[in-house]
Protein chains: 2
Amino acid sequence: MTKTLQRNVTPPRIKRRALSIPAEFDSDPVVWAAWLYYEEGMTQEEVADQLGVSRASVVNFLQEARDRNIVTIAVSSRHLQTIGLAREVADAYGLTNCLVVPDDGGRLPVHERIGRASARLLIERLQPDDVLGVSWGRTVQALSAALPEMKLPGVTVAQITGCSIGTTEFSPELCTSNIANRLGARCVNLHAPGIVSTAQIKRLFMQEPALVETFKIIHRSNKVLFGVGSVDDAGTAMRSGYMSAENIGPYLARGAVGVVSGRFIDRDGKPILGALDNQMIGLTLDEIAKVPERICIGGGSDKIDAIYAALNNSYATILVTDVATAKALVPRAARSAQTGVSRRP
Amino acid sequence: MTKTLQRNVTPPRIKRRALSIPAEFDSDPVVWAAWLYYEEGMTQEEVADQLGVSRASVVNFLQEARDRNIVTIAVSSRHLQTIGLAREVADAYGLTNCLVVPDDGGRLPVHERIGRASARLLIERLQPDDVLGVSWGRTVQALSAALPEMKLPGVTVAQITGCSIGTTEFSPELCTSNIANRLGARCVNLHAPGIVSTAQIKRLFMQEPALVETFKIIHRSNKVLFGVGSVDDAGTAMRSGYMSAENIGPYLARGAVGVVSGRFIDRDGKPILGALDNQMIGLTLDEIAKVPERICIGGGSDKIDAIYAALNNSYATILVTDVATAKALVPRAARSAQTGVSRRP
DNA sequence: ACACTGAGTTGACAATTGTCAATTGGCTCG
DNA sequence: CGAGCCAATTGACAATTGTCAACTCAGTGT
């Protein structure tokens, strides 16, 4: 029963028992089955007898109850933080929170697993009037897919980088609106390209009243959510047409090891400012660093350098990662503390 | 797996794997098992392989994870309200909410089932700075037992009737403090007998500075929770030594059909004021009726008259009951509407 | 009227999960 | 140091649950 819970991540269709009955009242047998099974601990057979249907139908009812969030089965993220490794990472890098998702022997890709855990974390941390700035990436996209449907009309979800040109499934605008939709929150998109052709054009854009208004909201973010990209793997950024190889070249030459919200950082986490930065529309790293709660999500051996850099310069107050990455991060922090590499307190 | 969830309603002991490990860090395998099983949908065997233990151990880990609220499995009360019958009752009596718990063929006693549902409702409705006044009774006690452990330090739980003399397991003071403990809320007990020997003594009590302070808090309740007692079955009240047969006699003679928070009501829900009322310490019915949100819990064929009376005079804004009672209540409301029996709008 | 369709249901089988008695392993106390 | 103890763990069996192909039946089109 747990099985299918994760197999149909997004249920392709919602079954209806009888088309004639208004949808509102249609759920009786589903709700009752859920109640008797999950609350009262009846077996499916007992439930079937009670409702006067076959046990197989009860299986279906329960499946539907889970799909429609009539029952909620959740591992509280508070407890994932108590895992020893998570505490080590948090202590080593001065994070307020750290989640470490356990290994699953390769069943699910890393970004999927991290997406789920961070989805849980996110909904547990969001407060009524929060403004959540979101960056983008595969992991952020996975997060949005793992969010349950909710109704948080007081919350605002804001896109903190301009849009990408290519149409991948994890563009900034999609990440933002998917998250907002799932949460039932207000969605504020940044209606501008992430990268424009010249610094001059950027200036023009930034003066546009509509964008000025949008940025007012973005700057009000009290929480940000961002993935970390490595530059080694040619970067998520390029694949989506967000940047080109020639643009990236100079940054690499100057020692870029990672990308945070479209901006390059070196091995110590310091921003590398180049020509491209004057063409980028979106929050700068310094602006991100001023947001009170900064949730960094990402993992995988190729991203260790990048995540280390980001943590090292305190871009994150909260990290969600996987066991392998966490294990690699702990000794590094210790080493750099010994050798005295700069790290903000 | 759901089975034991309800069998051990209150787990008799919490297992510890190794006494040498600090409790905080002890949960790793439990949390991981919970994550892999409930979030990722692995089978127990896969989890066992991943953690390197036997599958039987995984079963134990999962059991512990549920016991310790590392995973939460809950049927949202919002959906119990969508059941057709619940809407009918709510409409018939002008309630803002109504939960109807399904029949289970007599597996659990009525008050147990209603207790569970109302526990869920309660935690979903409580807001940060609420003051919840609680009455007492078997059902209220069942509610307290069904509450999960939480941390709601902003909430206050206040005892709205004085204490009982007899020591049953559902005395007013126990109901209140159990609920407060489970919720991690502030507990305000009313340190006085529920019934004193003379009106004179009641006046003395009520002047006591300590009680005056307590009543200030009680009067600040913005939510109340109460069960409904029938008088037919000699009443919960008597059994606990709260009242005696001779005290009750006059009320019965005057047509009492139910008891709400220790006070008698007639078939139309109107308070029956008698000698005893001047000896009772606690909120009066009129005071209760002024609280904005009034949660009435109870069911069973013997209580139908009493619940009807209570609803009829709008003592409740929310009702939690069972199918049989709900089915009996709906036609009554219709009838009384036709025959023009008084019912507040 | 009749076949067709498709959602909902079911029975029977396969897979997963719960139980429990037996075993292990660490710890204390004589 | 070994016996005794207790709790955690395990293997094997029993019970429960998930799957799936076959079936039902109301609505539709011809």
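Chain letters run A, B, ... following the sequence lines, proteins first and then strands; every chain starts at 1.
Each of B:D28, B:L51, B:V47 was scored for a side chain to side chain contact (heavy atoms under 4.5 Å, CB included) with B:F61, with one residue passing: B:L51.
The side-chain hydrogen bond (donor to acceptor under 3.5 Å, both in side chains) search around A:R125 returns A:N97, A:E293, not counting sequence neighbours. Listed by chain and number, the residues in a side-chain hydrogen bond (donor to acceptor under 3.5 Å, both in side chains) with A:S177 amount to none (sequence neighbours excluded). Checked against side-chain hydrogen bond (donor to acceptor under 3.5 Å, both in side chains), B:E124 has the following partners two or more places apart in sequence or in another chain: B:S77. With sequence neighbours left out, B:D104 forms a salt bridge (charged side-chain N to carboxylate O under 4.0 Å, His left out) with B:R113. In this structure, the side-chain hydrogen bond (donor to acceptor under 3.5 Å, both in side chains) partners of A:S54, at least two apart in sequence or on a different chain, are A:S57.
Comparing atom distances between the A:F61 side chain and each of C:dT9, D:dT9, C:dT19 picks out C:dT9 as nearest.
Rounding to whole angstrom units, CD of residue B:E45 and C1' of D:dT17 are separated by 15 Å. Per the geometry, CD belonging to A:E46 stands 12 Å off C1' belonging to D:dA15, to the nearest Å. One can place CD of B:Q44 at 17 Å from P of D:dA15, the figure rounded to the nearest angstrom. Computed from coordinates, the A:Q63 CD to D:dT19 P distance equals 8 Å when rounded to whole Å.
At least one side-chain nitrogen or oxygen of A:Y37 sits closer than 4.0 Å to the OP1 or OP2 atom of D:dT17.
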Return the polar atom pairs (N/O with N/O) between nucleotides 10-12 of chain D and the protein under 3.5 Å, or none.
unit_1: D:dT10; atom_1: OP2; unit_2: B:S54; atom_2: N; d: 2.9
unit_1: D:dT10; atom_1: OP2; unit_2: B:S54; atom_2: OG; d: 3.0
unit_1: D:dT10; atom_1: OP2; unit_2: B:S57; atom_2: OG; d: 2.6
unit_1: D:dT10; atom_1: O5'; unit_2: B:S54; atom_2: OG; d: 3.3

